[in-house]
Undergrad: 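There's a structure below that I have some questions on.
Computed from a predicted structure; not experimentally measured.
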Amino acid sequence: MHYYRYENAEVSCCYKYLMFSYNIIFWLAGTAFIAIGFWAWSEKGVLSDLTQVTRLHGFDPVWGVLVVGTVTFILGFAGCVGALRENICLLKFFSGVIGFIFFLELTAAVLAFVFQGQVREWINDFFLANVKAYREDIDLQNLIDSLQKLNHCCGAKDPNDWNLNVYFNCTKDNPSREKCGVPFSCCISDPADTVVNTQCGYDVRISGTPSQWGNTIYVKGCMMALEEWLPRNLYIVAGVFIVISLLQVWDKVRNNYYKTFF
């Protein structure tokens, strides 16, 4: 195999270290994500009892952090070492993975648009599964609380979805103090309150209907909130997707162009 270099070695050197500097940011970011993920697991005691990973019935956000961190770390490593050591194999790997990720993103976007009904149903089932596991993982709990507070919603379709959780259901044999309640993130907060009332959702569903709870808690489901949010922010979502896609395409083109130096 023959590798070609430009006669101007200075250009090649400048481009090499520019690419190295660019990719080391991703390498360090990947390292940080992995470190944060393992730190979160150590705080929850998962590292001392790995069976907790399989016992969780909902989604552990730490998995997302670790997956993103691992992919970013590997890509950053391949880009850094490939540029610094002028390793064509690593550069091809970097370029191929970027292209594959871009293809997956494009495919996911098209499928989500074509099968909107199925995607909506899948998201609804996913949310309900995590409602059941709300108290099983602190990170999952914080994620759901943040989602409900930011979107002013409660449950997937309505607050009664919290009947699926063993702590909040309204069955007669439920000994929990949170029986017939909802998490505090469902409560309509008073801007004047300086301390969060974590018991504001207690007993709100003992009587009445969702339409009668509107003065105390959010009665809109998070699925409806998401459907309302997307059209309002369509240009922002599309813009972010286009920027990410362009960065990935630029990475692929840049690596292909960089290979001509060697």
Undergrad: Can you measure from CG (Asn130) to CG (Asn165) and round to the nearest 0.5 angstrom?
TA: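 The distance works out to 11.0 Å.
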Undergrad: Should Val204 and Val182 count as side-chain neighbours, where that means a heavy-atom distance under 4.5 Å?
TA: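 Counting from C-beta outward, Val204 and Val182 do come under 4.5 Å.
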Undergrad: For the residue pair Phe168 and Trp162, does the interplanar ring angle fall in the parallel (under 30°), tilted (30 to 60°) or perpendicular (over 60°) class?
TA: perpendicular
Undergrad: Is the shortest distance from a Lys or Arg side-chain nitrogen in Lys132 or Asp161 to a carboxylate oxygen in the other one below 4.0 Å?
TA: no
Undergrad: If you define the side chain from C-beta out and look only at heavy atoms, does anything of Val114 sit under 4.5 Å from Val110?
TA: yes
Undergrad: Side chains of Asn151 and Tyr218: any donor to acceptor distance under 3.5 Å?
TA: no
Undergrad: Within a 6.0 Å radius of atom OH on Tyr202, are there more than 12 heavy atoms belonging to other residues, nucleotides or ligands?
TA: yes
Undergrad: May I ask whether Val81 and Leu28 are part of the same hydrophobic cluster, defined by side-chain heavy atoms of I, L, V, M, F, W, Y residues being less than 4.5 angstrom apart, directly or through others?
TA: yes
Undergrad: With rounding to the nearest 0.5 angstrom, report the CD1 to CZ distance, Ile74 to Phe26.
TA: 15.0 Å
Undergrad: Find the distance between CD1 (Ile36) and OG1 (Thr31) and round it off to the nearest 0.5 Å.
TA: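 With rounding to 0.5 Å, CD1 (Ile36) is 11.0 Å from OG1 (Thr31).
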Undergrad: Table please: side-chain donor-acceptor pairs of residues 153-160 below 3.5 Å, with sequence neighbours left out.
TA:
{"unit_1": "Asp158", "atom_1": "OD1", "unit_2": "Asn160", "atom_2": "N", "d": "2.8"}
{"unit_1": "Asn160", "atom_1": "OD1", "unit_2": "Arg205", "atom_2": "NH1", "d": "3.4"}

Undergrad: Check whether any side-chain heavy atom of Cys200 sits under 4.5 Å from a side-chain heavy atom of Thr216, and report yes or no.
TA: no
Undergrad: Here's a test for you: under side chain to side chain donor-acceptor pair (under 3.5 Å), which of Lys149, Gln148, His152 qualifies with Ser185?
TA: Gln148
Undergrad: Going by atom types alone, do Asp173 and Thr171 pair a side-chain donor with an acceptor below 3.5 Å?
TA: yes
Undergrad: For Leu75, enumerate each residue passing the side-chain contact (heavy atoms from CB on, under 4.5 Å) test, keeping only those at least two apart in sequence or located in another chain.
TA: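 Per chain and number, Leu75 pairs via side-chain contact (heavy atoms from CB on, under 4.5 Å) with Val71, Phe94, Val97, Ile98, Ile101.
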Undergrad: Would you check, one step at a time, whether the test side-chain contact (heavy atoms from CB on, under 4.5 Å) holds for Asn174 with Val166?
TA: CA-CA 7 Å; Asn174 182 8; Val166 294; over 6 Å; no
Undergrad: For the residue pair Arg135 and Glu178, establish whether any side-chain heavy-atom pair is separated by less than 4.5 Å.
TA: yes
Undergrad: Atom CG of Asn142 and atom CG of Asp137: how far apart are they, to the nearest 0.5 Å?
TA: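 If I round to the nearest 0.5 Å, the distance is 9.0 Å.
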Undergrad: Calculate, to the nearest 0.5 Å, the distance between atoms CZ and CD1 belonging to Phe77 and Ile24 respectively.
TA: 11.5 Å
Undergrad: Would you say that Tyr134 contacts Leu140 through its side chain, given a criterion of any heavy-atom pair below 4.5 Å between the two side chains?
TA: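 In short, these two side chains do not touch, never coming nearer than 4.5 Å.
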Undergrad: Could you pull out the closest heavy-atom pair between Leu66 and Gly37, with the gap in Å?
TA: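 Closest pair (atom of Leu66, atom of Gly37, distance): CD2-CA, 3.8 Å.
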Undergrad: Answer yes or no: is there a donor N or O on one side and an acceptor on the other, between the side chain of Ser176 and the main chain of Tyr167, under 3.5 Å?
TA: yes
Undergrad: Between Arg177 and Gln199, is a side-chain contact (heavy atoms from CB on, under 4.5 Å) present by the stated rule, with each step listed?
TA: CA-CA 10 Å; Arg177 179 61 188 86; Gln199 299 179 0; over 6 Å; no
Undergrad: Going through the checks in order, is the side-chain contact (heavy atoms from CB on, under 4.5 Å) test met by Leu164 and Asn169?
TA: CA-CA 6 Å; Leu164 295 172; Asn169 69 60; over 6 Å; no
Undergrad: Residues sharing Leu150's hydrophobic cluster, by side-chain heavy-atom contacts under 4.5 Å among ILVMFWY, directly or via others?
TA: none
Undergrad: Hey, what else clusters with Phe184 if you join Ile, Leu, Val, Met, Phe, Trp, Tyr whenever side-chain heavy atoms sit under 4.5 Å?
TA: Val196
Undergrad: Any heavy-atom pair between the side chains of Asn163 and Cys170 that's under 4.5 Å?
TA: yes
Undergrad: Let me have the donor-acceptor pairs involving side chains of residues 117-126, under 3.5 Å, with sequence neighbours excluded, atom names and distances please.
TA:
{"unit_1": "Arg120", "atom_1": "NE", "unit_2": "Glu227", "atom_2": "OE2", "d": "2.6"}

Undergrad: With sequence neighbours left out, write down each residue that passes salt bridge (Lys or Arg N to Asp or Glu O under 4.0 Å) with Asp139, or none if nothing qualifies.
TA: Lys44
Undergrad: Side-chain contact test, heavy atoms from C-beta onward, threshold under 4.5 Å: evaluate it for Leu147 versus Ile144 and give yes or no.
TA: no
Undergrad: CD1 of Ile34 to OG1 of Thr70: how many Å apart, nearest 0.5 Å?
TA: 4.0 Å
